[in-house]
Number of protein chains: 2
Amino acid sequence: MRISFKKQQFDAREEAIIDAVNHLLSEKGFDLMTMDDVADRVGIAKGSLYKHFSSKEKLAAAALTRLLTATLEELDSIPGETSAIDQLKHILAWSLRLRLKGGVPHLPSTSISLQRSLMLNLSYMTVALRVNKRFYALVAQARKDGALTDEVPDDVLVFTLYSRACDPTVDFLLRDNKLNHEQIIAAMVHATMGGFLARS
Amino acid sequence: MRISFKKQQFDAREEAIIDAVNHLLSEKGFDLMTMDDVADRVGIAKGSLYKHFSSKEKLAAAALTRLLTATLEELDSIPGETSAIDQLKHILAWSLRLRLKGGVPHLPSTSISLQRSLMLNLSYMTVALRVNKRFYALVAQARKDGALTDEVPDDVLVFTLYSRACDPTVDFLLRDNKLNHEQIIAAMVHATMGGFLARS
DNA sequence: GTCTATAGTGGGATAGAC
DNA sequence: GTCTATCCCACTATAGAC
């Protein structure tokens with residue numbers, strides 16, 4: 001079928017565009033990324049780019065939506081018998097690993113203007129809420145397991161997970177070049193979950 | 001003396017400008033803040049603004065330098081007998097309190113272009129290095145006291161302190177409006193230093 | 001040293017040919 | 001649905017009168 005083949009090509013190009021956006025977002029952030037950058041990187045004209053995504057915001061939303069969808073899939077792939085606290089550790093480590101590979105955006109935290117427009121993006125918000133629900137469920141379970149301290153409320157915990165996943169610390173550590181990727185991940189996961197203090 | 005009085009006025013205006021910049025940086029970030037915004041907020045013309053600061057980068061650098069200088073002063077004000085770990089907690093809480101009051105920038109983490117220009121700004125870098133040195137000294141002392149876990153290297157610890165001070169978690173928690181300022185500070189400090197896990 | 005006015009430019013978005 | 005060319009606005013920075 002010719003139509004199906006065409007659609008396949010179309011989809012493939014969209015994937016390529018989103019790949020480029022991912023890379024550029026993590027490199028320059030939303031505000032400094034230009035549509036020319038994206039078009040150049042994909043190797044198409046800016047006009048063609050606008051046939052796929054009608055605005056810069058839509059483009060970023062598509063990239064972030066793909067990331068969140070991947071997060072859900074990763075959560076689903078974790079064996080059911082894993083404890084809630086280990087699932088939280090796993091997903092944090094996974095996010096950081098993705099970051100270190102260079103493909104992942106700095107997330108909405110970067111740009112306040114992007115944040116606002118994402119709130120109005122239905123398909124982004126749908127996935128974001130699903131991810132959020134999963135996180136809160138895991139935290140609730142971990143709390144029931146007695147794994148969490150009472151001193152840190154659920155909200156602080158969940159938000160911290162998000163923010164550590166796009167923490168500039170990673171960039172600084174990478175630039176320093178003293179630790180390799182897995183060492184960075186281990187240290188960040190330990191610092192987030194267990195803190196800095198020596199266990200008594 | 002007339003000259004001295006004039007200079008006093010001049011300095012006062014520069015303070016007012018930096019106040020405005022502080023507020024705008026925390027609100028919109030560097031890339032989205034415009035010189036018109038700054039001039040409007042101070043209530044002077046854009047042309048006059050450029051008589052005080054010759055570029056947008058210099059303006060941001062001045063604001064961040066003032067913040068870092070205040071950080072040094074706050075460190076100096078802590079009683080000498082305070083333990084290193086408590087000093088680190090104190091300065092983190094102080095930074096967060098400043099953030100919550102609305103005056104403090106999201107720091108360089110926001111904008112990569114700003115980061116680069118700050119590196120070339122001598123007076124900024126001088127203060128930044130002094131602050132950095134103080135932090136590393138405190139961490140070294142805390143480690144000698146046996147207060148820190150071996151699992152988290154010094155670099156990860158120091159960078160994390162910086163990044164938590166400008167963490168988007170604070171904004172989310174504020175928007176949520178479930179916790180008051182001091183509760184947010186307590187929870188963030190606890191989460192950073194002690195982590196999420198229940199103490200065995 | 002303050003203002004108004006404007007130069008110059010970069011980038012988001014669109015038009016129109018093929 | 002891809003390209004080239006261009007519009008147009010917003011923003012940094014400067015000129016020049018007072």
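Throughout, a chain's letter reflects where its sequence line sits, starting with A, and its residues are numbered from 1. This is a predicted model, so every value here is computed, not measured.
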Task: Residues in ring-ring contact (aromatic ring centres under 6.0 Å, His included) contact with B:F159, at least two apart in sequence or another chain - done: A:F172

TODO: Figure out the NZ/P separation between A:K46 and C:dG11, and round it to whole Å.
DONE: 9 Å

Open item on the list: Please tell me if A:S48 has a side-chain N or O lying less than 4.0 Å from either OP1 or OP2 of D:dC3.
Closed with: yes

TODO: Send over the distance from B:D36 CG to C:dT6 P, rounded to a whole Å.
DONE: 15 Å

TODO: Starting from C1' on D:dT12, measure out to CG on B:D31 and report it in whole angstrom.
DONE: 13 Å

Task: Distance, rounded to the nearest Å, where B:I17 contributes CD1 and C:dT2 contributes C1' - done: 12 Å

Task: Salt bridge present between B:R199 and A:D150 (N-O < 4.0 angstrom) - done: no

Task: A:Y50 OH to D:dC7 P, straight-line distance once rounded to whole Å - done: 17 Å

TODO: Whole angstrom is fine here: how far is it from CE in A:M35 over to C1' in C:dT14?
DONE: 12 Å

Open item on the list: Tell me whether B:D154 is salt-bridged to A:K178, with the criterion being a basic N under 4.0 Å from an acidic carboxylate O.
Closed with: no

- [ ] Can you tell me the distance, in whole Å, between the CD atom of A:Q9 and the P atom of D:dG1?
- [x] 10 Å

Open item on the list: What is the separation between atom CD on A:E14 and atom C1' on D:dG1, rounded to the nearest whole Å?
Closed with: 12 Å

Open item on the list: Between B:K46 and B:D40, does any side-chain N to carboxylate O distance fall below 4.0 Å?
Closed with: no

Task: Sub-4.0 Å heavy-atom contacts from residues 51-63 of chain A onto DNA chain C, ordered by number - done: A:S55, A:K56

TODO: Report yes or no: do B:Y162 and B:M125 belong to one cluster of Ile/Leu/Val/Met/Phe/Trp/Tyr joined by side chain heavy-atom distances under 4.5 Å?
DONE: yes

- [ ] Would you indicate, yes or no, if D:dT2 has its OP1 or OP2 atom less than 4.0 angstrom from a side-chain nitrogen or oxygen of A:R13?
- [x] yes

Open item on the list: Check this for me, if you would: do B:D76 and B:R134 make a salt bridge, where the nitrogen-to-carboxylate-oxygen distance has to be below 4.0 angstrom?
Closed with: yes

